[in-house]
Amino acid sequence: RSLSTVARKSLKIGLIPADGIGKEVIPAAKQAIIALGSDIPKPEFVDLIAGWECFTRTGVALPEETVEILRNECDCALFGSVSSPSRKVTGYSSPIVALRKKLDLYANIRPVVSVSPDVNQRPSIDLIVVRENTECLYVKEEILTIGEHGKEARATRLITERASRRIGQMAFELALARSRKHLTIIHKSNVLSVTDGLFRETVRGVPLLAGLNGKYDGVTIAEQLVDSAVYRLFREPEIFDVMVAPNLYGDIISDAAAALVGSLGLIPSINAGDDFVMGEPVHGSAPDIEGKGIANPLASIRSAALMLRHLGYSKGADKLDIAVDRVIREGRVLTPDLKGTSTTNEVLEAVLSKL
Ligand code: GGG
């Protein structure tokens, strides 16, 4: 089913704040959605649990009930952030990685846009990182053995033709809809010629797929080794329009791109599949500022906008984006990550006042 053509009287949105500042920014995004009034179908919210804290309390990081409610009852969802430990904990596995796989949310779409040079943003940044969301090293098949010289750890990196083709097609679609229509394939196939080679060849082959009949003829294609892509991202970011990458490179590149616009606290994403969409700020759980009331809510509000746009509610989505842009441009009410002194609630109020 096409997500955008379903007629809805109401919009059931699963809210999974999870850990850390997710619990502060997801409620802010909820308020922003409510403020859209009749620009979207009447929103209904379902509070759902997942995360490290959920694991320490219940022994389960991603309760089956959360997945089932998302699958069977919700039209879409917003996920906050998760604080997975950096050591192996028996029985624990990252719930966001699991959720992306269980709901087959194969595309992580992360736009990075500059709005104002006054908040430390490089001018003219307007790019989208399209991150494959289900495989690569995130299949998490790791083993530890004892070899001749001590411990040896190995991880499997899975790249499939199917996943590369569908993320490639998503990236071509996004590029086609933009004015520059330029797609850069990110890989490291000079070293990883089998895995990254398959990714690169498959994405390159998307325009030749049966039935497309020249649909992507207007899209120019470039490719860049991931290390040099990061270098060029900092040196000449304006060369990029849409970047498509395997899971791990996409994760790293999008954080790097966030540095170009002043703060990770501004970067939204959606996890998109053929049947479901889940908005998620790119930032993590930020334990250093958790509970202080100063987390930047703008990435979550923008993630709500992306989610709504993906569902076909462009009017509501545009309103949220325009309100966020105005708050950033005015530069008076900003959280400390953007060198401001305002709280999460004050930034939310500033956004709401512009809707
Ligand atoms: N909202 C993005 C987020 O939570 N980032 C941190 C992250 O993905 N960590 C992986 C994990 O903790 O499982």
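Quick note: residue numbers are just sequence positions, from 1. Atoms within each ligand, like the ligands themselves, are counted from 1 in listed order.
- The two atoms that bring L266 and V261 nearest to each other are CD1-O, 3.4 Å, heavy atoms only.
- Salt bridge E24/K292: absent, no basic N to carboxylate O contact under 4.0 Å.
- Using a cutoff of 4.0 Å between basic side-chain nitrogens and carboxylate oxygens, R157 and E135 are not scored as salt-bridged.
- Contact annotation: the side chain of L311 approaches that of L11 to within less than 4.5 Å [non-hydrogen atoms, C-beta and beyond].
- Between the side chain of R122 and the main chain of F234, a donor-acceptor pair closer than 3.5 Å is present.
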Are there any protein N or O atoms under 3.5 Å from the N or O atoms of ligand 1? List them with distances, or say none.
| residue | atom | partner | partner atom | Å |
| --- | --- | --- | --- | --- |
| ligand 1 | 1 (N) | G80 | O | 2.9 |
| ligand 1 | 1 (N) | E280 | OE2 | 2.9 |
| ligand 1 | 1 (N) | P281 | O | 2.7 |
| ligand 1 | 1 (N) | H283 | O | 2.8 |
| ligand 1 | 4 (O) | V82 | N | 3.0 |
| ligand 1 | 12 (O) | V82 | O | 3.3 |
| ligand 1 | 12 (O) | S84 | N | 3.1 |
| ligand 1 | 12 (O) | S84 | OG | 2.8 |
| ligand 1 | 13 (O) | S84 | OG | 2.6 |
| ligand 1 | 13 (O) | S94 | OG | 2.4 |

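- The minimum heavy-atom distance between L212 and V206, with the atom names listed, is CD1-O, 3.1 Å.
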